[in-house]
Amino acid sequence: MVSWFSKSIVALTIRMPKWFVGWVSRRYVAGPSLNDAVKIMNRLSKENACFTVDVLGEEITSLEEAQFFLDEYLAVIEAIRENNLDANLSIKPTAFGLLIDEKQGMKNIETLVRMANEQDLFVRLDMEDYRVTTATIQVVLDLHKQGLTNVGTVLQGRLFRTLDDINHLEMELGPAADYRICKGIYLESEDIAFTSYQDIVDSTNACIDRMLEAGSYCSIASHDIPVIEYAKSALESHGMGPNIPDPRPNAAPLRNAKGPGYEFQMLLGVRGPLRRKLAKNGHRTRVYVPYGEKWYEYSIRRLQENPTLGTQYAKAFLMPWTNRP
Ligand code: FDA
């Protein structure tokens, strides 16, 4: 349920001038240029964070636009190498054309994953709304079949289908499946998704359990204490933890620039103290760093897709002690 308060904040924000939206989103978006993202990563490296870089933009309207993303991500790969950053890439499959022409979208993604592979970099396919869930998973399966194992997907705890997706990916890829598990930002219909807070948390936690049992790499992407605490105890029950080589007999070999079978991930600007505490306790923590010229469209779209963010933004600004960057 989205409260009237959240809806009002969203309605108000999208009517505000661009500079105001920019002022609010400054905390969550590195800036318009790659250089801004590099600066933030250099700063947060001192907090023992590693990164995943997202070029803002999604769902293109013509296939030509996909070239922009290919070029920009190529520049990101170069910047990661030049600046010796501990970072990988996050991409939105629809920005590569997956919803316009699945075959061509897949080809575009393959081009990027190959370029990243040459530099030993991992590519995470962000999960967008239900229209592309199956196609996104299929891209990962097809790329692994071609020997490109430096790619993994995101799964969303709120979707009913997610446990079946994990079982399917386990059957196809074995422990080479590499996930980011999150609650899911898109407020999907109750025909396909859990809608109450507790059901979403329980389902997300059940997915973490399945991923760990399957020997997969599990990136826990949440700022929610019940999910993080659950993940920590699930890891412990598998004998996993900071600086312990992954003891699961069915685990895939350790990959370059990854944690011991798991890591925690958080968004730029959200719950920094919690992230720093996890890092201080030795957990690998990755910050999602979005940047790009399309910061305005991105910020507005996120608010429209998930009006509960309105309350979170307001809380972060009005009660800063609850959520520092
Ligand atoms: P919850 O929403 O309950 O938040 C817990 C607390 O964290 C809030 O009370 C608030 O204090 C703080 N908080 C969380 N989000 C905030 C925000 N945006 N601004 C301010 N405060 C905030 N989703 C998806 O569908 N596909 C994807 O590919 C990804 N990728 C992704 C990567 C990473 C690294 C993260 C951390 C998250 C995603 N997500 C995502 C988003 C995810 O699905 C989910 O919507 C958000 O993480 C919020 O859920 P939490 O588990 O943090 O809990």
Side-chain angles (χ1 to χ4, degrees), residues 2-3 6 9-10 13 24-29 44 49-54 56 58 87-95 123-133 136-137 140 152-159 162 179-188 192-205 207-208 218-231 263-275 278 284-290 298-299 301-303 305-325:
V2 180
S3 71
S6 289
I9 290 190
V10 172
T13 307
V24 174
S25 63
R26 209 171 43 171
R27 161 179 181 158
Y28 304 106
V29 175
L44 296 185
C50 61
F51 309 96
T52 187
V53 184
D54 170 51
L56 291 176
E58 52 212 284
N88 62 34
L89 312 177
S90 280
I91 68 166
K92 299 267 183 309
T94 60
V123 181
R124 176 73 60 199
L125 304 192
D126 284 350
M127 188 54 85
E128 299 169 85
D129 66 56
Y130 74 97
R131 293 171 301 163
V132 283
T133 313
T136 302
I137 292 171
V140 171
T153 190
V154 177
L155 293 179
Q156 298 156 325
R158 74 167 65 233
L159 293 188
T162 298
Y179 302 105
R180 175 194 299 152
I181 177 73
C182 61
K183 290 180 183 173
I185 198 160
Y186 306 91
L187 301 184
E188 305 287 12
I192 59 165
F194 297 104
T195 51
S196 82
Y197 168 80
Q198 195 54 50
D199 286 346
I200 295 170
V201 168
D202 291 346
S203 172
T204 304
N205 290 345
C207 293
I208 294 172
C218 183
S219 312
I220 301 124
S222 176
H223 320 88
D224 199 18
I225 292 176
V227 173
I228 293 174
E229 287 304 320
Y230 186 89
E263 63 189 43
F264 287 98
Q265 298 190 350
M266 295 197 184
L267 300 171
L268 181 66
V270 181
R271 290 211 154 158
L274 182 57
R275 171 176 55 76
L278 287 167
R284 188 159 175 84
T285 56
R286 193 178 297 278
V287 180
Y288 187 97
V289 179
Y298 166 85
S299 308
R301 196 172 322 111
R302 281 289 163 279
L303 279 169
E305 275 161 358
N306 187 345
T308 60
L309 288 176
T311 311
Q312 294 184 353
Y313 291 168
K315 210 172 133 197
F317 279 90
L318 300 174
M319 298 157 69
W321 59 92
T322 63
N323 186 357
R324 295 193 192 282

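Just so you know, ligand 1 is whichever comes first in the structure, and atom 1 is the first atom listed for that ligand. Everything quoted here is computed from the prediction, not taken from an experiment.
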Proximal ligand 1 atoms for Y288, defined as those under 4.0 Å from one of its heavy atoms: 32 (C), 34 (C)
Under a 3.5 Å cutoff, is there a donor and acceptor pairing between the side chains of Y197 and D224? yes
Once rounded to the nearest 0.5 Å, what's the spacing between atom CE of M127 and atom CG of L155? 5.5 Å
Tell me whether Y130 at atom OH has more than 12 heavy atoms from other residues, nucleotides or ligands lying less than 6.0 Å away. no
V227 near ligand 1 by a heavy-atom separation under 4.0 Å: no
A student checking ligand 1 against I185 at a 4.0 Å heavy-atom cut-off should list atoms 23 (N), 24 (C), 25 (O), 43 (O), 45 (O)
Could you walk me through whether L268 and L44 pass the side chain to side chain contact (heavy atoms under 4.5 Å, CB included) test, one step at a time? CA-CA 10 Å; L268 181 66; L44 296 185; 3.8 Å; yes
Might you work through the side-chain hydrogen bond (donor to acceptor under 3.5 Å, both in side chains) test for S90 and T52, ending with a clear yes or no? CA-CA 6 Å; S90 280; T52 187; 2.7 Å; yes
Quick one, Y298 with D54, criterion side-chain hydrogen bond (donor to acceptor under 3.5 Å, both in side chains). Give me CA distance, side-chain angles, the key distance, then yes/no. CA-CA 12 Å; Y298 166 85; D54 170 51; 5.2 Å; no
Heavy atoms only: which of R275, H223, R271, R158 lies closest to atom 11 (O) of ligand 1? R271
At their closest point, which heavy atom of S222 faces which heavy atom of I228, and how far apart are they? O-CD1, 3.4 Å
Shortest non-hydrogen pair, G157 vs T204, comes out as CA-OG1, 3.5 Å
Which is closest to atom 32 (C) of ligand 1 by heavy-atom distance: Q265, R180, Q312? R180
Can you find a protein heavy atom closer to atom 46 (C) of ligand 1 than 4.0 Å? no
Can you check which of G157, S222, S90, C182 brings a heavy atom nearest to atom 40 (C) of ligand 1? C182
Distance filter under 4.0 Å to V154 heavy atoms, resulting ligand 1 atoms: 27 (C), 28 (O)
CD of E263 to OG1 of T285: how many Å apart, nearest 0.5 Å? 9.0 Å
Measure the spacing between CG of L278 and CD1 of I220 and express it to the nearest 0.5 Å. 9.5 Å
Compare R124, M127, K183, E188 and give the one whose heavy atom is closest to atom 49 (O) of ligand 1. K183
What's the shortest distance from atom 44 (C) of ligand 1 to any protein heavy atom, and which residue and atom give it? G184 N, 4.3 Å
What part of D126, side chain, backbone, both or neither, has a heavy atom within less than 4.0 angstrom of ligand 1? both
Does ligand 1 have a heavy atom under 4.0 Å from the side chain of Q156, from its backbone, from both, or from neither? side chain
Which atoms of ligand 1 are found less than 4.0 Å from any heavy atom of Y186? 25 (O)
Part of L267 within contact of ligand 1 (heavy atoms, under 4.0 Å): both
Side chain, backbone, both or neither: which part of L309 has a heavy atom under 4.0 Å from ligand 1? side chain
What residue and atom, counting heavy atoms only, is the protein's closest point to atom 21 (N) of ligand 1, and at what distance? N323 ND2, 2.9 Å
